[in-house]
Amino acid sequence: IKENRGGFQYPDTDIEQKEKSLDRQILRKRILSKQLAAIKYEIINGNFEKAKLLLTQAQASKNFTRPIQYRYLAILHFIEGDYKQSLEYLNKKEMLALAHQDNVCLLRTLNHVILDQAAQAQEEWDNCKKFIIGKSVSGNVWMDSLTRLKVAQRTDEAAEPLKGVNIENEQGDYLRLFLKLALYLNKQELIFPRVPYLSVSAFENLKTRELLGLLHYRNGDIVKAYNLIEDLSTPNSENIKGNIYLAQEKLELAYAQFKLALKRKNNSQNALERIIPTAWRLNQWSEGANFVGRLKEDEDQKFVKLALEAAFLTKDQKYKEALERLEYIAAKSRETQSVEVNQLYTFNALMLEKKEEAFEYANKACKQQDGFNCWLRNHMMIWEDMTLTLKRQDPVFGEVEDLVGKYTKSFTPDPIKEEVFVKQKEIEELEDAQIELIPPL
């Protein structure tokens, strides 16, 4: 029979069909896992654009479902600080199914909190707790406090989970959660009464000891804070040591500590915000400009960052680079830049011999009540080219006779001698004799 049936294939049995269907499902899951692993890899390594490209290019029906695609895109935009776009992905109709809420409701709540949408944050969080109850070992204490703070706008309300808690009964991450919450809300006084009862193991844990050091430093107990963090080498501990040195005016030691903090964590904003003014005081112009460039790119403070970088570059005599940043500020700020920017622009333009721009920005600074630039503007109208005059090595004026010195220092005193012809006393006696002092009776 087999020899005569030709190309005919008998249909699979039910068991064989189920096995093949199971194999296809396993294969699809493997492909999905591989694709998601590639996307996660790019996210972890900071390649957000590549991760978004992989997500948007994937075919939702073939590779993975729309909810997965939208959830990862929402996470990416959240990491990049685009909270509105993140919220848009989370609010798409595919994401509203109950089956997905436990994966997205926390992120949706956080977006509402950051966007100052207090009512929506409270409503979302109340619903979210129904889906994630029992899934968090910490009981979502942190998220609950954040939502309370956003809605009530009072730290007392947000610190409710700290009141009456016996932290000595907590261990590990749960203990550190309460310590971090006390730091965030500046409510360390709710923690300190129970600190003496902590076990030795709590102080042996480096992360816990660092948090306790931060709490003591925040409370002004500098000695206790230093004793707790002295042998630690974490970014926060290095920052605290640097702050202690700053308070003692030991600028070089503080500068070294902040550099160590940046070595541990190269984007530590706390370290950068402290090392920049220290670099200015120590005349570290080149390094200071580099530190300013590493500050977080905040749209609201972008011009301030560029102006500060231009100030360091100006002191470092890198006038061309400084002027590039000032030109950007002038172009983007629509002529509303501060007097400090106009002052920097004037000086750098003078150093680069751009007299028209120097006069223009000296005039702007003058209108902003800057007396020196008013003086400079007036002199630029007198001198043919002030930019060249400032750089002259030879004397601007020729030999000038020092008249003040001539008539003061070189003057030889020769007092006039008075010649007395008639003594004054004799004149007075003669007058007294002629005057009848006592009238006759």
Side-chain angles (χ1 to χ4, degrees), residues 137-138 141-142 145-146 149 155-156 158-282 284 287 291 294-296:
V137 293
S138 66
V141 172
W142 187 266
S145 294
L146 281 179
L149 182 62
T155 54
D156 289 337
E160 194 66 32
L162 293 174
K163 296 176 182 177
V165 65
N166 296 324
I167 60 170
E168 68 272 18
N169 296 332
E170 311 299 341
Q171 294 181 349
D173 291 337
Y174 205 43
L175 168 61
R176 288 188 285 274
L177 182 145
F178 285 110
L179 298 179
K180 290 177 182 178
L181 188 60
L183 273 172
Y184 179 75
L185 299 175
N186 200 23
K187 290 290 183 180
Q188 53 272 6
E189 68 275 7
L190 299 176
I191 293 292
F192 282 136
R194 311 305 304 176
V195 168
Y197 302 105
L198 288 174
S199 63
V200 176
S201 60
F203 290 93
E204 289 176 345
N205 185 280
L206 300 183
K207 293 181 180 179
T208 304
R209 188 144 52 90
E210 180 189 51
L211 289 170
L212 289 169
L214 284 168
L215 284 165
H216 282 292
Y217 178 78
R218 179 76 63 80
N219 203 46
D221 299 329
I222 306 299
V223 176
K224 289 182 180 179
Y226 187 80
N227 289 336
L228 284 166
I229 65 168
E230 182 181 6
D231 60 334
L232 301 183
S233 58
T234 59
N236 286 328
S237 62
E238 301 293 3
N239 281 330
I240 293 177
K241 294 173 194 175
N243 288 333
I244 294 172
Y245 286 134
L246 273 182
Q248 297 172 334
E249 288 295 319
K250 298 177 180 179
L251 300 182
E252 291 82 4
L253 290 174
Y255 190 70
Q257 289 297 151
F258 295 136
K259 290 182 80 172
L260 278 174
L262 289 171
K263 188 176 181 181
R264 305 283 186 268
K265 184 180 178 183
N266 61 4
N267 63 341
S268 172
Q269 296 303 300
N270 288 330
L272 288 171
E273 289 172 3
R274 287 160 178 76
I275 199 172
I276 288 170
T278 310
W280 185 275
R281 294 181 66 183
L282 293 174
Q284 300 295 321
E287 285 190 342
F291 293 140
R294 290 160 63 179
L295 281 171
K296 184 179 179 181

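Note that this is a predicted model, so its numbers are computed, not measured.
Interatomic distance, Q284 CD to E252 CD, rounded to the nearest 0.5 Å: 9.0 Å. Distance check, rounded to the nearest 0.5 Å: CD1 of I275 to CG of L282 gives 9.5 Å. Remark: T278 OG1 to K259 NZ distance equals 12.0 Å, nearest 0.5 Å.
In this structure a side-chain-to-backbone donor-acceptor pair under 3.5 Å is present from N205 to T208. In this structure, N227 contributes its side chain and V223 its backbone to a donor-acceptor pair below 3.5 Å. Listed for the K296 side chain is no donor-acceptor partner under 3.5 Å among the backbone atoms of N267. In this structure, K187 contributes its side chain and T155 its backbone to no donor-acceptor pair below 3.5 Å. Put simply, the side chain of S237 gets close to the backbone of T234: a donor and an acceptor are under 3.5 Å apart.
Results of the side-chain contact (heavy atoms from CB on, under 4.5 Å) test with I191 over I167, N219, L181, L211 single out I167 as the only residue that passes. Remark: of the listed residues K263, R274, E273, R274 is the sole one forming a side-chain contact (heavy atoms from CB on, under 4.5 Å) with F258.
Other residues, nucleotides and ligands contribute only 12 or fewer heavy atoms inside 6.0 Å of the CD atom of Q171. Within 6.0 Å of atom CZ in F203, more than 12 heavy atoms from other residues, nucleotides or ligands are found, so the atom counts as buried in its surroundings.
Considering all non-hydrogen atoms of both residues, L262 and S268 come closest at CD2-O, 3.8 Å. Closest approach of V141 to P161, counting heavy atoms only: CG1-CB, 3.6 Å. In this structure, N266 and R294 approach most closely via the heavy-atom pair O-NH2, 3.0 Å. Counting all heavy atoms, side chain and backbone alike, A202 lies closest to L175 at CB-CD2, 4.1 Å. When all heavy atoms of N239 and A261 are compared, the pair lying nearest together is OD1-CB, 3.4 Å. Of all heavy-atom pairs between K265 and P235, the closest is CB-CG, 3.6 Å.
Looking at Q188 and N186, their side chains do bring a donor and an acceptor atom within 3.5 Å of each other.
No salt bridge links R194 with E170; every basic N to acidic carboxylate O contact stays at or beyond 4.0 Å. With respect to E210 and K207, no salt bridge is recorded, no charged nitrogen being found less than 4.0 Å from a carboxylate O. Under a 4.0 Å N-O distance rule, the pair E204/R209 does not qualify as a salt bridge.
Between W142 and Y184, the closest side-chain pair of non-hydrogen atoms falls below 4.5 Å. Side-chain contact between R281 and E249 is present, with heavy atoms from C-beta onward closer than 4.5 Å. Using a 4.5 Å heavy-atom cutoff, the side chains of S233 and R264 are in contact. Contact annotation: the side chain of L198 approaches that of L212 to within less than 4.5 Å [non-hydrogen atoms, C-beta and beyond]. At a threshold of 4.5 Å between non-hydrogen side-chain atoms, the residues I244 and K241 do not count as touching.
Taking the six-membered ring for Trp and the full ring otherwise, the centers of F192 and H216 sit less than 6.0 Å from each other.
Classification of the F291-Y255 ring pair by plane angle, with boundaries at 30° and 60°, yields perpendicular.
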